[in-house]
There are 2 protein chains.
Amino acid sequence: MTAASPKPSTSSAEAPDPAPRPRTMSREARREQIIEATIRTLAARGFARTTLTEVAREAGLSHGLVLFHFETKEKLLADTLGALAEEYRDNWQAALASAGPTAAEQLSALIDADFAPNLCTPDRLAAWCAFWGEAQSRPIYQENYGDKDAAYNARMEEICAELVAEGGYTAAPKYLARILRLTIEGTWLDLMSMKDPYDAAEAQRTARICASILFPKHFKAE
Amino acid sequence: MTAASPKPSTSSAEAPDPAPRPRTMSREARREQIIEATIRTLAARGFARTTLTEVAREAGLSHGLVLFHFETKEKLLADTLGALAEEYRDNWQAALASAGPTAAEQLSALIDADFAPNLCTPDRLAAWCAFWGEAQSRPIYQENYGDKDAAYNARMEEICAELVAEGGYTAAPKYLARILRLTIEGTWLDLMSMKDPYDAAEAQRTARICASILFPKHFKAE
DNA sequence: TCTCTGATTGACAGTCCAGTCAATGGCGTG
DNA sequence: CACGCCATTGACTGGACTGTCAATCAGAGA
């Protein structure tokens with residue numbers, strides 16, 4: 001008889017959810033909970049040592065339930081990557097939508113969005129990193145992954161083209177956009193992989209300085 | 001005298017070694033052969049699916065022999081990363097040593113060294129990538145990995161500091177060095193992970209354009 | 001309260017893999 | 001030519017992990 005009656009449910013270990021969780025949850029809520037546990041596991045153990053048992057333990061569930069909701073480990077990981085990509089895309093698109101219409105404002109919003117504190121967290125960066133390392137040899141992951149990049153890159157290049165038209169910069173927009181993107185992505189990797197890393201604020205500062213060098217008429221240093 | 005005289009040994013499957021391989025090899029030669037097979041396996045299958053059996057098959061050896069030479073899988077992978085880091089370091093240090101003494105020449109040599117055709121190969125980039133993804137959760141790999149970065153970064157920053165002193169650029173050398181390094185590293189990742197990637201020559205061009213924007217008095221575009 | 005639906009569990013099976021080890025065989029040396 | 005050393009092999013083991021499945025349980029509606 002598991003049937004513990006009052007159900008203290010004190011230490012639920014992972015989700016800092018104040019509401020006492022019901023024993024059964026809706027499909028969507030449970031899937032989200034498991035995906036969050038997967039992100040945490042990827043961050044803590046890396047891709048190679050991420051097991052269903054560990055994900056289930058992290059979520060406080062049986063490992064059978066993980067497979068009940070995601071069928072296979074492959075699908076769980078693909079859906080996790082998909083969720084990461086979706087929240088990333090939603091974040092920068094929302095930032096662009098609520099920013100001013102000028103190219104300079106758009107680019108500024110895009111840079112800030114990439115360092116949003118709720119997405120640019122150690123767990124999420126580490127999970128991205130884990131997929132990054134594995135994606136090159138797994139077509140399944142490249143799909144979700146490359147698509148995200150494509151839309152972002154295209155928008156970034158448009159903005160850079162506008163800035164070039166306005167400011168008369170000599171370099172081609174394609175390269176300006178690429179250098180800016182690589183600097184932003186690169187600081188993420190630094191945050192993860194450097195022995196003595198700087199923090200997210202310093203990363204953001206690096207990106208802004210990069211913008212100020214590439215487009216000196218539009219952005220001032222600091 | 002390795003004494004292998006007739007020894008047909010026709011299809012040796014992997015190493016394009018023209019010399020007929022003897023049945024037994026010196027410790028060092030065998031280790032190198034296995035490390036090369038490991039790099040190929042990491043590139044083809046990723047970190048998570050790299051098994052001793054697959055490495056052995058790639059090298060044309062029994063998997064017992066791999067463990068005879070490296071004791072454990074962990075040590076094999078750590079030594080492989082160490083070998084990659086060493087050849088990378090040797091490469092850029094040799095390039096700096098044989099380049100001219102001015103800061104501009106040094107930086108130019110450093111950029112070219114990073115795209116040396118014998119090191120900037122798909123297999124090696126993919127192997128780096130595989131370690132990249134796993135290193136964040138594995139202290140063993142961070143050691144070899146972070147040390148390499150440290151020396152390179154320090155030298156890059158010195159060179160940038162000289163260029164700033166010469167050219168009177170406004171940005172701090174620390175950020176200039178970082179942006180340049182991130183652009184170089186980033187193009188490597190692009191070569192691996194993009195859906196529709198450009199080639200190594202285009203990557204090198206991107207790095208040179210970056211240098212020409214950061215240090216316009218020292219580098220001309222194209 | 002009873003019943004039905006669907007979430008949840010945990011034991012189990014099959015597979016794959018790292019690491020062990022006894023036996024083999026090639027090569028240099030005496 | 002014989003011996004001994006050491007590289008090499010491949011079968012074997014123990015463990016870990018993914019995926020299956022029958023039984024259980026919680027909640028909603030009648």
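In what follows, chains carry the letters A, B, and so on, assigned in the order in which the sequence lines appear, proteins first and then strands, with residues in each chain numbered from 1.
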Which one, [options], comes nearest to the side chain of [X]?
X     : options               : answer
B:T72 : D:dT18, C:dG19, D:dT8 : C:dG19
B:S62 : C:dT8, C:dG19, D:dG10 : D:dG10
A:F68 : C:dT8, C:dA18, D:dT9  : C:dT8
A:T53 : D:dT18, C:dT8, D:dA7  : D:dT18
A:T51 : D:dA7, D:dT9, D:dT18  : D:dT18
A:H69 : C:dT8, D:dG19, D:dA7  : C:dT8

- Indicate, with a heavy-atom threshold strictly under 4.0 Å, whether A:L52 touches base, sugar-phosphate, or nothing. sugar-phosphate
- Determine the contact category for B:L67: base if any of its heavy atoms lies under 4.0 Å from a base atom, sugar-phosphate if only primed atoms, P, OP1 or OP2 are that close, otherwise nothing. base
- Task: Please confirm whether the backbone N or O of B:L96 pairs with a side-chain atom of B:Q106, one donor and one acceptor, at under 3.5 Å?
- Result: yes
- Can you check whether B:A126's main-chain N or O pairs, donor with acceptor, with A:Q136's side chain at less than 3.5 Å? yes
What is the distance, to the nearest angstrom, from the [atom1] atom on [X] to the [atom2] atom on [N]?
X     : N      : atom1 : atom2 : result
B:R57 : D:dT9  : CZ    : P     : 15 Å
A:F70 : D:dT18 : CZ    : C1'   : 16 Å
B:L65 : D:dA7  : CG    : C1'   : 7 Å
B:R45 : C:dC16 : CZ    : C1'   : 11 Å
A:E54 : D:dT18 : CD    : C1'   : 15 Å
A:K73 : C:dC16 : NZ    : C1'   : 12 Å
A:E28 : C:dG6  : CD    : P     : 17 Å
B:R27 : C:dC27 : CZ    : P     : 18 Å

- Message: Tell me if the side-chain of A:H63 makes a donor-acceptor pair with the base of D:dG19, cut-off 3.5 Å, by modelled atom types.
- Response: yes
- Query: Taking the inter-plane angle between the rings of B:F47 and B:Y141 on a 0 to 90° scale, is it parallel (under 30°), tilted (30 to 60°) or perpendicular (over 60°)?
  - Reply: perpendicular
- Message: In terms of relative ring orientation, are B:Y152 and B:W92 parallel, tilted or perpendicular, with 30° and 60° separating the classes?
- Response: perpendicular
- Is the NZ or CZ atom of A:R178 positioned over B:Y198's six-membered ring, under 6.0 angstrom from the centre and within 45° of the axis? yes
- Side-chain N,O (A:R30) to OP1/OP2 (C:dA7) below 4.0 Å: no
